[in-house]
Amino acid sequence: MRKLNILTIGLSMMAGVVMSGSAAMAAGAGGTITERDWSFNGPFGHFDKASLQRGFQVYREVCAGCHGLDYIAFRNLSDLGYNEAEIKAIAAEYDVVDGPNEEGEMFTRAGIPADRFPNPYPNENAARAGNGGAYPPDLSLMVKARPNGANYLYSLMVGYKDAPEGTEVPDGMHYNDAYSGHMIAMPQPIYGDDITLAGDGDTSIEALSADVTTFLAWASEPEMESRKRTGIAAMLFLLVMCFVSYGSMRYVWSDVKK
Ligand code: HEC
């Protein structure tokens, strides 16, 4: 009886750990949040590489005009399935401020894989000045920074609506279903057909929003896949050890019990 209890306690503890990893967070951000099934959710979650690449394209062609991605270096793009030459070419398309040189001057050069994504604005004041006083926050950690981050970000992208009858939208503000308070300074960034994807990828607002969300979920936790793999390996190890210790316990006690 006691042996069985130890075994059940062990197994249920492990089940508990596995389940707590996949439990969905509930809290929204005060607006209407659409819950979606993301490939990167759950203990076996992974990032869909094709979606990551499309999302990166959306970031580059749309979001990067206003938002930085300060914590991501070009070389991190290997996670998206790009090879070294492709990453070098992508980096070289960006101007990066470097220096000071021997004369003490800062200078601009083409990006290299070790550089991080350059911010569209030199500082916060310039960013505010360019956006009617509102500050477009860095997007590197955005999915982690907001409760229910991926669903929130997706809902924000698809949440632009006409304001309900009788609601006054101040100048420079936009009505958004997902944003808490519904008035956001960011104009609708994704309209759909304004982006041309390789092949005949889906360019609906919903599909592009899902892709950019996947990309920003990766950006906020590039090591997620290896973290989950390690977790699964640890669980398997514990499971095996559970049987080994149960077996040895029976063996050690077998003389006494006889
Ligand atoms: C024209 C500039 C501009 C573009 C382009 C733009 N944004 Fe924004 N974004 C802003 C501004 C300004 C804010 C701050 C809004 C506020 O404080 O009301 C913001 C805020 C945000 C926020 C934070 C919302 C919150 O909960 O505080 C997210 C997330 C975001 N943007 C994502 C994106 C994504 C993803 C894209 C690309 C698809 C994008 N933005 C494109 C200007 C922009």
Side-chain angles (χ1 to χ4, degrees), residues 25-36 38 40 47-48 51-72 77 80 94 117-161 163 167-197 201-222:
M25 282 183 287
T32 313
I33 307 298
T34 311
E35 304 280 333
R36 280 176 68 104
W38 300 100
F40 48 83
F47 291 117
D48 170 354
S51 178
L52 283 176
Q53 292 197 4
R54 292 192 299 267
F56 172 47
Q57 189 186 339
V58 177
Y59 169 74
R60 270 218 285 185
E61 292 182 14
V62 184
C63 324
C66 301
H67 290 278
L69 198 60
D70 290 355
Y71 296 102
I72 297 295
L77 294 175
L80 274 57
Y94 287 80
F117 277 84
N119 200 287
Y121 298 106
N123 52 57
E124 181 172 337
N125 289 358
R128 285 188 188 279
N131 288 280
Y135 180 58
D138 188 81
L139 293 183
S140 322
L141 299 171
M142 187 51 76
V143 169
K144 288 263 169 225
R146 294 286 178 273
N148 199 2
N151 289 320
Y152 170 64
L153 207 134
Y154 172 81
S155 306
L156 190 69
M157 296 293 107
V158 301
Y160 286 86
K161 302 264 153 69
T167 306
E168 185 109 5
V169 181
D171 250 6
M173 294 303 248
H174 309 269
Y175 188 85
N176 188 299
D177 249 1
Y179 196 62
S180 101
H182 298 315
M183 298 296 165
I184 187 166
M186 169 168 68
Q188 177 169 349
I190 298 177
Y191 278 93
D193 302 331
D194 44 346
I195 289 206
T196 311
L197 294 173
D202 186 351
T203 53
S204 63
I205 298 182
E206 288 76 16
L208 293 177
S209 300
D211 289 335
V212 80
T213 301
T214 303
F215 172 69
L216 291 174
W218 165 79
S220 70
E221 201 187 355

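Order of listing sets the numbers, starting from 1, for every ligand and every atom in it. For this chain, numbers begin at 1 and follow the sequence in order.
- Of all heavy-atom pairs between D138 and D70, the closest is OD1-N, 2.8 Å.
- Among the candidates F215, W218, W38, the single residue satisfying the side chain to side chain contact (heavy atoms under 4.5 Å, CB included) test with F47 is W218.
- Looking only at atom types and distance, the side chain of D193 has a donor-acceptor partner in the side chain of T203 under 3.5 Å away.
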Protein N/O near ligand 1 N/O, under 3.5 Å, which pairs?
{"from": "ligand 1", "atom 1": "7 (N)", "to": "H67", "atom 2": "NE2", "distance (Å)": "2.8"}
{"from": "ligand 1", "atom 1": "9 (N)", "to": "H67", "atom 2": "NE2", "distance (Å)": "2.8"}
{"from": "ligand 1", "atom 1": "18 (O)", "to": "A185", "atom 2": "N", "distance (Å)": "2.9"}
{"from": "ligand 1", "atom 1": "26 (O)", "to": "R146", "atom 2": "NE", "distance (Å)": "2.8"}
{"from": "ligand 1", "atom 1": "26 (O)", "to": "Y152", "atom 2": "OH", "distance (Å)": "2.5"}
{"from": "ligand 1", "atom 1": "27 (O)", "to": "R146", "atom 2": "NH2", "distance (Å)": "2.9"}
{"from": "ligand 1", "atom 1": "31 (N)", "to": "H67", "atom 2": "NE2", "distance (Å)": "2.8"}
{"from": "ligand 1", "atom 1": "40 (N)", "to": "H67", "atom 2": "NE2", "distance (Å)": "2.8"}

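- Contact record, D211 with S51: OD1-OG, 2.8 Å, taken as the closest heavy-atom pair.
- Atom-to-atom distance recorded for T34:OG1 and D177:CG is 8.5 Å, nearest 0.5 angstrom.
- Every pair passing salt bridge (charged side-chain N to carboxylate O under 4.0 Å, His left out) that includes a residue from residues 56-67 is listed here, sequence neighbours excluded: R60-E93.
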